[in-house]
Engineer: 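Sharing a structure with you now.
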Amino acid sequence: PEDLWGMKLGFAVYNIRNNGTYSTHRAELEEMGFDFDAQSTGHGWENVKRALLAYKSFHGDLLVRQGFVIPENADWPEDLWGMKLGLTIYSIRNHGAYCTYKDDLEQ
């Protein structure tokens, strides 16, 4: 519809998933098939977990700086090259991204 042209839908979806925006409409969103567990990063939890474990094996910690991007070299799994891991960690820490995996994150 023309009245929605220019709407920043991706931003709205991010806020619904991570900041509880429109939480009073959760039942309606679920009825429409809205996936509250999908992540805006597009990497999927298993890839984020693999990236975190690899980072920890290289650096001995999970103190990932915000600007860290997985380098394109043989030390890292090729399918993770270019992942903005620092931004993903920032979203986990500050916006509740991947909060459904909180138990995994705390281990």
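The analysis underlying the following values was restricted to heavy atoms, covering all of them including side chains, and did not include hydrogens, waters or symmetry mates.
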Engineer: Using side-chain heavy atoms (C-beta onward) and a distance below 4.5 Å, is Asn47 in contact with Asp79?
Structural biologist: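 Asn47 vs Asp79: side chains touch.
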Engineer: Does some side-chain heavy atom of Tyr55 sit less than 4.5 Å from a side-chain heavy atom of Asp61?
Structural biologist: yes
Engineer: Once you round to the nearest 0.5 Å, how far does CD of Glu72 lie from CG of Leu80?
Structural biologist: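 Going from the CD atom of Glu72 to the CG atom of Leu80 covers 11.5 Å.
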Engineer: Measure across Asp75 and Phe58 and return the closest heavy-atom pair with its distance rounded to 0.1 Å.
Structural biologist: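 Closest heavy-atom pair between Asp75 and Phe58: O-CZ, 2.9 Å.
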Engineer: Any side-chain heavy-atom pair from Lys49 and Leu53 closer than 4.5 angstrom?
Structural biologist: yes
Engineer: Using every non-hydrogen atom in the two residues, find where Val48 and Met83 come nearest and quote the distance to one decimal.
Structural biologist: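 The pair with the smallest heavy-atom distance is N-CE, 4.3 Å.
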Engineer: Return the minimal non-hydrogen interatomic distance between Arg93 and Leu62, and the atom names on each side.
Structural biologist: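 The answer is NH2-O, 2.8 Å.
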Engineer: As an exercise, state the distance from CZ of Phe11 to OG1 of Thr21, rounded to the nearest 0.5 Å.
Structural biologist: 8.0 Å
Engineer: Check whether any side-chain N or O of Trp76 sits under 3.5 Å from a backbone N or O of Ala54 as a donor-acceptor pair, and report yes or no.
Structural biologist: no
Engineer: Is a side-chain donor or acceptor of Trp81 paired with a backbone partner of Ile70 at a separation under 3.5 angstrom?
Structural biologist: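 Absent.
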Engineer: Does some side-chain heavy atom of Leu52 sit less than 4.5 Å from a side-chain heavy atom of Leu85?
Structural biologist: yes
Engineer: Listed by chain and number, what are the side-chain contact (heavy atoms from CB on, under 4.5 Å) partners of Asn94, not counting sequence neighbours?
Structural biologist: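 Scan of Asn94 (side-chain contact (heavy atoms from CB on, under 4.5 Å), adjacent residues dropped) gives Tyr90.
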Engineer: Rounded to the nearest 0.5 Å, what's the gap from CD on Gln66 to OG on Ser91? Could you check?
Structural biologist: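 It comes to 8.5 Å.
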Engineer: In plain terms, say whether Arg50 and Glu46 are close enough for a salt bridge, that is, a side-chain N and a carboxylate O under 4.0 Å apart.
Structural biologist: no
Engineer: Can you tell me how far the CZ atom of Phe34 sits from the CD atom of Glu28, to the nearest 0.5 Å?
Structural biologist: 12.5 Å
Engineer: Cluster question for you: counting only ILVMFWY and a side-chain heavy-atom cut-off of under 4.5 Å, with indirect links fine, are Ile92 and Leu63 together?
Structural biologist: no
